[in-house]
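Here is the structure we will look at.
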Amino acid sequence: MKNYKLQYLKKDILSGMVVALVSIPISMGYAQVAGLPVVYGLYGSVLPILVYALFTSSPQFVFGVDATPAALVGGTLASLEIASGSSEAIAIVPVITMVTACWLFLFFLLKAGKLVNYISKPVMGGFISGIGCTIILMQVPKLFGGNAGTGELFVLLYHIWQELTSFNLLSAALGVGTVVILQIARKKIPKFPMSVILMAVGAGFTAFLHVDKYGVRLLPAVESGLPKLIIPDFPLLIPHAEEIIVLSFTIALVIMAQTLLATSNYALKYNYKISNNREVLAYAAGNVAGALVGCCPVNGSVSRSGIADQYGCKSQIMSVTAGIVMILVLLFGTGVLEYLPVPVLTGIVVSALMGILEFTIAKKAWKADKQEFAIFMAAFWGVLLLGTIYGVIIGVILSFIAVIIRAVIPPKTFLGVIPGHEGLHNLSRNKNARPIEHTVIYRFSGNLFFANINAFQEDIENALKEDTRQVIVDARGIGGIDITASERLVILKRNLNARNIYFYLTEHADAVNDQLRAFGAGSLIEEGAVRRTVSLALRAAGVNKPYPLEGIDKAEEYSYVEANERLAEFEWAFGEGAEEKMEALAAEVAEKIVHSGDFSMENIVRTENAASWGRVGLFDEDELLNRLEMYFSELEKQGYPDIEDIEQKLEQRRHVVEEKIKELSPEALELLRKHRKQIEEHLKEKRPEYYEHYLELRKRFEGDAL
């Protein structure tokens, strides 16, 4: 509230009202999932969120009854054979909530919020998705008139099959229809509180059409009035101590991890700071409040926070407003709630649960890193098949294994030279990079220690050829080295020297040299095997510029092979998608030029530099200008005016680029000309219709230049 502005008040109050209305069906449904009567969901939407609002450092996150803690509690009650909604369940759930609050308070004292950084996104995503799917399967029978199930995947599927005997067509239409409408509304009108409307429509069906007479179940009567404060019955902990303590620890860990991660995302999005430790204290305080009103453990709600964000929430006045609205509902609106059909409420809950599924993480991981995908799926299937606790354990173990694997097998590659370009380049990433003759250059991007020195040595030995004369390690990624690795480096150098092969360690931080000396490997330094740079190591080995490249007589005479291999920087950044990215960039620049109507040289350059990629290098700009010419030639066929003028400007710019390249390096200019010649061959083969136009342009502008 420090920098609060009065104009925020209207949006905060509006967002709070919407959050409260949306929370009514969702919190009631999650209370049932946790094994409590529905009214406890409303109780958990008053005092806990008000207490959280007082403690939190987040101005906009929403706290309340949510899916994951409710599912964990409901699943545990089932395993303890405690009937859902029974007096025993009502008595033991607040004990679970209070123990959860104690764990969270312990996390606060230990400043354990930092541990969230060690729970990977795939683990959390797989765990939450597994929980979501489990609860959805639990609730499916209620969509068509049956009873909710408990257990893991196969038990739940069998339960759904058994409950088909209770199938009610009208219930199924209401339940499935609710899910479908909410999913469509989420995509088409995300800001509209459709769940509130459907709740009202469902109540209307009961009031005017009496759907309950056709076998549709209704919610039980909800007692009006504010929640009464209770003291949890701690003696109930004794017969189930082990189960409750482990369950509460798991819930506390999930609350801390899930809510902190989501809260941090909002802080990054809106550029403000949160205190992780203060947040954990807020979660503990909120759960103490939840236990005092008999509610299940409460958690940060990603879905309701998203709704508050959509309505422009700026402060926790939103939570205060939501709490006040819920108080009014408990005092004056509970009579309406018993008109709500169970399939409609279940449909709202199922739709909300579908919103927490994070399969987009799995999709991204599949494309980028199969290891991350495996971790996601292990956590997901672990929850579905073995239960929530085992799912977390499996996911966390796999996360630590992934950390170990990344340390043991860091990024590494072999390097070569691209003629006309400075520096060393990944041989596997850049098709036009060539190894230096008789030389192995190996980049290792991780600390070197006992667990990865074998892989390091094997990579180098496997890369050796009969004519190899020097091995150079680009060690700029090696920030530390242990005694085992130090001894093995000495042995590796000795073995290579015995085969008349030089060995050099280069580019690393000077602290590594101190470690080498401390671990008895100072001979590497004394014998000249440690060099500051790769180029100095090459010079020490007698290899001078221009470096001789494999398969090429002289580096200066090397030219590219295909047009799509010219994208030096783009190929480095985008790999196989480089040509497609360049095409998209050309289209972006051309459209902006056409839209501006300014075809001057200054605007062309300005538009190029302001494009999404930013300013491109000279070789890439030559390629970009060529593609722009192709783009505008297509506009000419469509009758667009003044095309000849802009083509002339593009050609003038090409000459400017050529002169700049000439100033940098005559050899690079020769490469550019050969590159253009090969572009012509590429066009002749792939774009013959444009090739003739391309030749006409060249002749026309060469004539103008004369």
Side-chain angles (χ1 to χ4, degrees), residues 411-445 459-477 496 499-507 529 531-576 578-579 617-620 622-623 661-679 681-682:
K412 49 190 180 175
T413 188
F414 291 94
L415 306 175
V417 173
I418 299 177
H421 294 258
E422 294 184 358
L424 297 170
H425 303 268
N426 188 335
L427 289 171
S428 62
R429 183 81 173 180
N430 298 277
K431 297 175 183 177
N432 51 336
R434 293 290 182 270
I436 297 174
E437 281 186 353
H438 314 304
T439 305
V440 171
I441 304 178
Y442 177 58
R443 177 175 290 165
F444 190 86
S445 302
D459 283 347
I460 291 174
E461 290 176 345
N462 292 336
L464 297 178
K465 300 178 182 178
E466 290 185 4
D467 65 346
T468 300
R469 297 175 188 168
Q470 48 270 335
V471 170
I472 301 172
V473 177
D474 181 339
R476 70 189 64 198
L496 290 173
R499 298 170 60 177
N500 295 318
I501 298 173
Y502 293 113
F503 174 78
Y504 299 100
L505 192 68
T506 70
E507 305 284 352
R531 296 283 174 161
R532 182 66 184 86
T533 65
V534 172
S535 59
L536 289 174
L538 285 166
R539 183 182 180 193
V543 183
N544 299 309
K545 294 182 179 180
Y547 300 129
L549 305 183
E550 288 186 5
I552 302 172
D553 292 336
K554 291 184 180 179
E556 299 91 351
E557 295 178 0
Y558 176 76
S559 61
Y560 301 100
V561 178
E562 293 182 7
N564 63 0
E565 291 182 7
R566 302 308 179 290
L567 313 182
E569 189 174 18
F570 272 57
E571 187 175 58
W572 167 77
F574 303 106
E576 294 179 357
E579 190 166 8
L618 292 173
F619 269 76
D620 287 334
D622 188 76
E623 181 76 12
I661 291 177
K662 183 179 178 180
E663 291 176 8
L664 292 174
S665 168
E667 293 81 10
L669 179 60
E670 185 61 27
L671 284 174
L672 176 65
R673 288 171 177 169
K674 290 181 179 180
H675 162 51
R676 289 177 176 174
K677 185 67 176 176
Q678 289 166 0
I679 286 179
E681 295 299 324
H682 181 76

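Throughout, numbering of the chain's residues begins at 1 and tracks the sequence. Small disclaimer: the values here were computed from a predicted structure and weren't measured.
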Quiz item: Do you know the tightest heavy-atom contact between Arg434 and Glu550?
Solution: CD-O, 3.9 Å

Quiz item: Taking all non-hydrogen atoms of both residues, which atom of Phe414 and which atom of Asp459 are closest, and how far apart?
Solution: CZ-O, 3.5 Å

Exercise. Taking the side chain as every heavy atom from C-beta outward, state whether Leu427 and Ile441 have any atom pair closer than 4.5 Å.
Key: no

Quiz item: Is Lys465 paired with Asp467 through a side-chain N to carboxylate O contact shorter than 4.0 Å?
Solution: no

Quiz item: Val440 versus Ile472: any side-chain heavy-atom pair under 4.5 Å?
Solution: no

Quiz prompt | Gln470 versus Ala541, closest heavy-atom pair with distance | solution = OE1-CB, 3.6 Å

Quiz item: Which atoms form the tightest heavy-atom contact between Asn544 and Arg539, and what is the distance?
Solution: OD1-CG, 4.2 Å

Quiz item: Any donor-acceptor pair under 3.5 Å linking the side chain of Thr468 with the backbone of His438?
Solution: no

Quiz item: Do Arg469 and Val543 come within less than 4.5 Å of each other through their side chains, counting heavy atoms only?
Solution: no

Exercise. Evaluate the side-chain proximity of Val473 to Phe503: yes if any heavy-atom separation is below 4.5 Å, no if none is.
Key: yes

Quiz item: Roughly how far apart are Asp474 CG and Thr413 OG1, rounded to 0.5 Å?
Solution: 10.5 Å

Practice problem: Could you check Ile501 against Val471 for side chain to side chain contact (heavy atoms under 4.5 Å, CB included), going step by step and ending with a plain yes or no? | Solution: CA-CA 7 Å; Ile501 298 173; Val471 170; 3.9 Å; yes

Quiz item: Any idea which heavy atoms bring Leu464 and Arg499 closest together, and the distance?
Solution: CD1-NH1, 3.6 Å

Quiz prompt | Residue pair Leu505 / Arg531, side-chain heavy-atom distance below 4.5 Å | solution = no

Quiz item: Got a second to check how far Thr439's OG1 is from Leu415's CG, nearest 0.5 Å?
Solution: 12.0 Å

Practice problem: Take Glu437 and Leu549, measure what side chain to side chain contact (heavy atoms under 4.5 Å, CB included) needs, and give me the verdict at the end. | Solution: CA-CA 5 Å; Glu437 281 186 353; Leu549 305 183; 5.8 Å; no

